[in-house]
Amino acid sequence: MHATAMETGAPAPIAATAVGRNVPLLVANNIAKIYGDESESRNVVIRDVSFSLNSGEIVSIVGPSGCGKTTLLNLLCGVTALSGGNVSWRGRPLSGMPERVGYMLQKDLLLPWRNALGNVTLGLEIQGLDKADREKKAHDML
């Protein structure tokens with residue numbers, strides 16, 4: 001499913017630690033998402049999904065439209081409440097969106113009145129970084 005740092009020749013990532021031991025960055029344990037309840041039509045979107053991700057791993061979520069990819073990402077980021085199971089981030093139960101985590105949906109949601117650089121620097125602009133610094137940072141990243 002993914003290449004390890006050893007297979008790609010990349011430097012080995014630093015593991016997350018919790019109480020002095022190495023732990024996966026993200027652990028999903030039997031997570032589920034069900035829309036609706038017993039009194040109405042229930043729609044089981046995700047059920048019994050378990051996996052763990054370690055620092056430095058790159059993973060793709062692939063599937064047909066409507067299979068639950070976005071719902072899974074929303075559950076993992078704390079944007080949507082779980083119907084069952086649990087998620088931990090750096091060895092701790094997930095509570096809201098984890099620090100320094102983000103994802104880009106397949107729909108780009110760019111602001112059409114901004115050029116590419118303007119869209120890339122938007123977050124830095126909102127944070128109050130001056131124009132020269134945010135453009136330098138964006139150029140370095142791009």
Side-chain angles (χ1 to χ4, degrees), residues 1-112 114-131 133-142:
M1 182 157 96
H2 61 273
T4 65
M6 183 167 283
E7 293 167 338
T8 63
I14 298 170
T17 59
V19 192
R21 60 185 170 87
N22 289 340
V23 296
L25 286 177
L26 177 71
V27 176
N29 185 28
N30 296 317
I31 62 173
K33 182 61 183 175
I34 301 169
Y35 291 101
D37 59 26
E38 299 297 332
S39 65
E40 57 186 77
S41 173
R42 287 174 38 124
N43 184 8
V44 179
V45 179
I46 294 175
R47 117 180 123 219
D48 298 326
V49 174
S50 297
F51 60 91
S52 63
L53 299 175
N54 294 303
S55 179
E57 289 185 314
I58 298 172
V59 175
S60 297
I61 301 171
V62 180
S65 179
C67 75
K69 299 178 301 288
T70 299
T71 299
L72 177 62
L73 291 172
N74 286 334
L75 292 170
L76 297 174
C77 287
V79 173
T80 301
L82 294 163
S83 299
N86 58 68
V87 175
S88 64
W89 174 248
R90 296 183 176 263
R92 295 188 178 107
L94 184 66
S95 175
M97 183 167 262
E99 187 177 302
R100 299 182 64 192
V101 169
Y103 67 93
M104 178 72 163
L105 300 173
Q106 65 189 18
K107 183 175 170 83
D108 57 30
L109 302 173
L110 297 175
L111 301 176
R114 287 180 170 245
N115 61 21
L117 186 63
N119 274 284
V120 170
T121 60
L122 179 60
L124 299 171
E125 182 178 338
I126 291 169
Q127 292 177 5
L129 202 63
D130 69 72
K131 184 176 180 178
D133 287 341
R134 65 180 183 252
E135 287 185 0
K136 180 187 181 328
K137 197 169 199 172
H139 280 289
D140 290 345
M141 293 177 72
L142 292 172

Quick one: does [X]'s side chain get under 4.5 Å of [Y]'s, heavy atoms only?
X      : Y      : value
Leu122 : Arg114 : yes
Leu75  : Leu94  : no
Asn119 : Leu111 : yes
Ser52  : Val27  : yes
His139 : Leu117 : yes

Measure the spacing between [atom1] of [X] and [atom2] of [Y] and express it to the nearest 0.5 Å.
X      : Y      : atom1 : atom2 : value
Asn43  : Thr71  : CG    : OG1   : 9.0 Å
Asn115 : Leu110 : CG    : CG    : 10.5 Å
Ser60  : Lys69  : OG    : NZ    : 12.0 Å
Leu82  : Ile31  : CG    : CD1   : 6.0 Å
Asn54  : Leu25  : CG    : CG    : 7.0 Å

>> Is it the case that the side chain of Lys131 and the backbone of Glu125 share a donor-acceptor pair, with hydrogens and angles ignored and the cut-off at 3.5 Å?
In response: no
> Between Leu26 and Phe51, is a side chain to side chain contact (heavy atoms under 4.5 Å, CB included) present by the stated rule, with each step listed?
Replying inline: CA-CA 8 Å; Leu26 177 71; Phe51 60 91; 4.2 Å; yes
> Would Thr121 and Leu129 count as a side chain to side chain contact (heavy atoms under 4.5 Å, CB included) if you check the C-alpha gap in whole Å, the side-chain angles of each, and the deciding distance to 0.1 Å?
Replying inline: CA-CA 9 Å; Thr121 60; Leu129 202 63; over 6 Å; no
>> Using the side chain to side chain contact (heavy atoms under 4.5 Å, CB included) definition, which of the options Asn74, Val79, Thr80 pairs with Cys77?
In response: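 Checked Asn74, Val79, Thr80 against Cys77; only one passes side chain to side chain contact (heavy atoms under 4.5 Å, CB included): Val79.
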> Among Asn86, Asp48, Val49, which one satisfies side chain to side chain contact (heavy atoms under 4.5 Å, CB included) with Asn29?
Replying inline: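 Per the side chain to side chain contact (heavy atoms under 4.5 Å, CB included) rule, the option paired with Asn29 is Asn86, out of Asn86, Asp48, Val49.
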> Considering all heavy atoms of both residues, which atom of Ser88 and which atom of Gly91 are nearest to each other, and what is their separation?
Replying inline: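 Smallest heavy-atom distance, with atoms named: CB-C, 4.4 Å.
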> Which pair of heavy atoms, one from Gly36 and one from Arg42, lies closest together, and at what distance?
Replying inline: C-CG, 4.2 Å
> Would Lys137 and Asp133 pass as an ion pair if we require N to O under 4.0 Å?
Replying inline: no
